[in-house]
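Along the sequence shown, residues carry numbers from 1. We use all heavy atoms of the structure for the numbers below, so side chains are in, but hydrogens, waters and symmetry mates are not.
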Amino acid sequence: MTFLNSEYLLSNTTAMQLYDKIKDLPIIDAHNHADIKEIYENKNYDDIWHVECATDHYVWEVLRKRGVDEKYITGNASNYEKWMELSHIFDETVGNPVYEWVHLDLRRRFSIYDRINAETGQQIWDKTKELLAKNQMRPRNLLKAMNIHVMCTTDDPIDSLEYHQKLNDIPEMTNMIRPTFRPDKAMNIFKPDWKKYINKLAKRVNSDILSIEDLVDALQQTHDFFAEHGCHASDHGVETPYAYNTSEKTANDAFQTAIKDKKITKKQEIAFCSYILNKLAEMDMKKGWVFQLHIGAVRDVRDSISNNIGADAGGDISNHTTDIVTPLKDLLNNVDNSLEIILYCLEPHHQATLATLSRAFGEKVSLGSVWWLNDTPVGMKRQLEYICSVDVLMNFAGMVSDSRKILSYGSRTEMFRRVLADVIGKMVEQGQIPLDLAEKTVTYLSYKRQKELFNFCDI
């Protein structure tokens, strides 16, 4: 088999037939980190480094792993110098999905079939720079070319959503790009900049936040504002999903300690986070939103990265010892069968826990696509096989890109659809699934499931 040919990730004839039925379906990307201002301004990109690597910590990490100096990753070298440095070592990243994603982007969006290496780096730089200057390579035209029907950005409660509204006023973009309510900074009472954020939130709602009641009210106001601007979901990035039943008084005691710049205890942190997460779940439930939980990211473990570059730069890991069931059980019972919840898995060892939680809590608790370090052909395959054997695959929430760059919406979706077709195709060939139901399953999970789950009835 040749590299990235038509049989890429498809190991049997049935898988190829199934993929053919889903490869051209529209894309609903219900969770990403798109730059909404960039899409609104719709300017041409400068170069291949800009579109492939400038914001992608996946790329940064494999470059560091092969000994590339930070100057050529996040440092002050020019984009040209960074691309050429990447070209010289990119062969050495083979086997990592980044190698496949970037080459898929080159093929699907630029029609460039050369492999990236020291001999081709200059040629690819020149050719892509020429193509990126064309009108069809502007952000909105790229979204159309990839057949994006809906995409949901990740947005802070204090965001004005100015660019969402401006895009929504453009007829061809109406209802296409939705905000997602991401209140992590309000919950992260344990972080040094929490109080500063609370002051920003107070300014956003034009009201003092002097108690836990005031904070919940401020979050409710911004939650309402997001709903008015087409939001259908919240998202919560938590290392441990603290969601115990906690009294308002206990949560307020923690709030008062932190707002007065005093050190909170671990017990206070857990009480505060639990109270707020349950309140946010209640808000979502009342509006019919989807409540998304991204669980288990241990942030900033490499000091040299976090201290010199900052967050989201490649210094985060997973941890198999994170407890999920104990802290989350109260919330799941509080909203049992009343709130759509999606659980995203970062750590492979959590697959069984999340799958059995989803199974135990029935129709309203779904598994989201494997996330981050788990978002690979290997991770996708293992998750889909496990869902089939423990939960119900038709309740799977479907693919999201979780991407910071537009070009990868298409390539990551293609990778997922190929893996999905291969897993189900293998089950057909082993006599486990009738062919007609296999076709129905892969088609449903590639598009219609997300449309129904997130209530995108207006597309």
Audit row: Phe454, His232, ring-ring contact (aromatic ring centres under 6.0 Å, His included) steps and yes/no: CA-CA 6 Å; Phe454 287 89; His232 286 206; 8.4 Å; no

For the pair Tyr8 and Tyr19, evaluate ring-ring contact (aromatic ring centres under 6.0 Å, His included) and give the outcome as yes or no after the intermediate values. CA-CA 11 Å; Tyr8 167 59; Tyr19 179 65; 9.1 Å; no

Check step by step if salt bridge (charged side-chain N to carboxylate O under 4.0 Å, His left out) holds for Glu414 and Lys23. CA-CA 7 Å; Glu414 177 179 344; Lys23 62 185 178 67; over 6 Å; no

Apply the test side chain to side chain contact (heavy atoms under 4.5 Å, CB included) to residues Arg404 and Asp35: give CA-CA distance (whole Å), side-chain angles for both, the deciding distance (0.1 Å), then the verdict. CA-CA 7 Å; Arg404 286 171 167 76; Asp35 184 336; over 6 Å; no

Does Gln123 form a side chain to side chain donor-acceptor pair (under 3.5 Å) with Asp114? I'd like the steps, not just the answer. CA-CA 9 Å; Gln123 177 185 338; Asp114 295 324; 3.2 Å; yes

Show, in sequence, the C-alpha distance, side-chain angles and deciding distance for Glu81 and Lys71, and conclude whether the salt bridge (charged side-chain N to carboxylate O under 4.0 Å, His left out) test is met. CA-CA 10 Å; Glu81 291 172 314; Lys71 172 184 176 181; 5.5 Å; no

In sequence, state the C-alpha distance, the side-chain angles, and the governing distance for Asp391 and Arg359, and then conclude on salt bridge (charged side-chain N to carboxylate O under 4.0 Å, His left out). CA-CA 5 Å; Asp391 199 20; Arg359 173 175 172 152; over 6 Å; no

Quick one: do Asp224 and Lys287 satisfy salt bridge (charged side-chain N to carboxylate O under 4.0 Å, His left out)? Show the steps, please. CA-CA 9 Å; Asp224 293 342; Lys287 285 195 175 72; 2.5 Å; yes

Step-by-step side chain to side chain contact (heavy atoms under 4.5 Å, CB included) determination, Ile387 to Asn395: CA-CA 9 Å; Ile387 293 173; Asn395 286 84; over 6 Å; no

Check the pair Phe181 / Thr222 against side chain to side chain contact (heavy atoms under 4.5 Å, CB included), numbers first and verdict last. CA-CA 9 Å; Phe181 191 74; Thr222 54; 3.5 Å; yes

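Using the six-membered ring where Trp is involved, His349 and His320 have ring planes that are tilted, between 30° and 60° apart.
At least one side-chain heavy atom of Met176 sits less than 4.5 Å from a side-chain heavy atom of Ile148. Put simply, the side chain of Arg382 does not reach to within 4.5 Å of the side chain of Tyr386, judged on heavy atoms. Lys185 places a side-chain heavy atom less than 4.5 Å from the side chain of Asp156.
Within the cation-pi definition used here (under 6.0 Å to the ring centroid, within 45° of the axis), Arg449 does not qualify as a partner of Tyr444. In this structure, Arg412 is positioned above the aromatic face of Tyr58, its NZ or CZ under 6.0 Å from the six-membered ring centre and within 45° of the axis. Stacking of Arg182 on the aromatic ring of Phe226 is not recorded, the 6.0 Å distance cut-off and the 45° axial limit not both being met.
A salt bridge links Glu162 and Lys166; the closest N-O separation between the charged side-chain nitrogens and carboxylate oxygens is under 4.0 Å. Salt bridge status for Arg204 with Asp159: absent, with no side-chain N to carboxylate O gap under 4.0 Å. The existence of a salt bridge linking Glu70 and Arg64 is confirmed by a sub-4.0 Å separation between a basic side-chain nitrogen and an acidic carboxylate oxygen.
To the nearest 0.5 angstrom, Leu328 atom CG is 6.5 Å from Leu343 atom CG. We find the CH2-OG distance between Trp125 and Ser87 to be 9.5 Å, quoted to the nearest 0.5 Å.
When only modelled atom types and interatomic distance are considered, Asp422 and Ser11 share a side-chain donor-acceptor pair under 3.5 Å. Using modelled atom types and a 3.5 Å distance limit, the side chains of Ser411 and Asp105 yield a donor-acceptor pair.
Less than 6.0 angstrom separates the ring centroid of His57 from the ring centroid of Trp372. Between Tyr344 and His294, the distance from one ring center to the other falls under 6.0 angstrom. Note: Tyr40 and His164 fail the aromatic proximity criterion, with ring centroids not under 6.0 Å apart. Taking the ring centroids of Tyr113 and His103, they lie at or beyond the 6.0 Å cut-off.
Screening Arg109, Lys405, Lys82 for a salt bridge (Lys or Arg N to Asp or Glu O under 4.0 Å) involving Glu52 leaves a single residue, Lys405. None of Asn42, Ile36, Asn175 except one satisfies the side-chain contact (heavy atoms from CB on, under 4.5 Å) rule with Leu167; the exception is Ile36. Just one residue in the list Leu420, Thr441, Leu384 forms a side-chain contact (heavy atoms from CB on, under 4.5 Å) with Phe396, and that residue is Leu384. A side-chain contact (heavy atoms from CB on, under 4.5 Å) with Ser234 holds for exactly one of Leu293, Asp284, Thr180; it is Asp284.
Here the closest non-hydrogen pair linking Leu219 and Pro183 is CD2-CB, 4.4 Å.
In the displayed structure, Asn206 atom CG is contacted under 6.0 Å by at most 12 heavy atoms of other residues, nucleotides or ligands. For CZ of Arg115, the number of neighbouring non-hydrogen atoms (other residues, nucleotides, ligands) closer than 6.0 Å is 12 at most.
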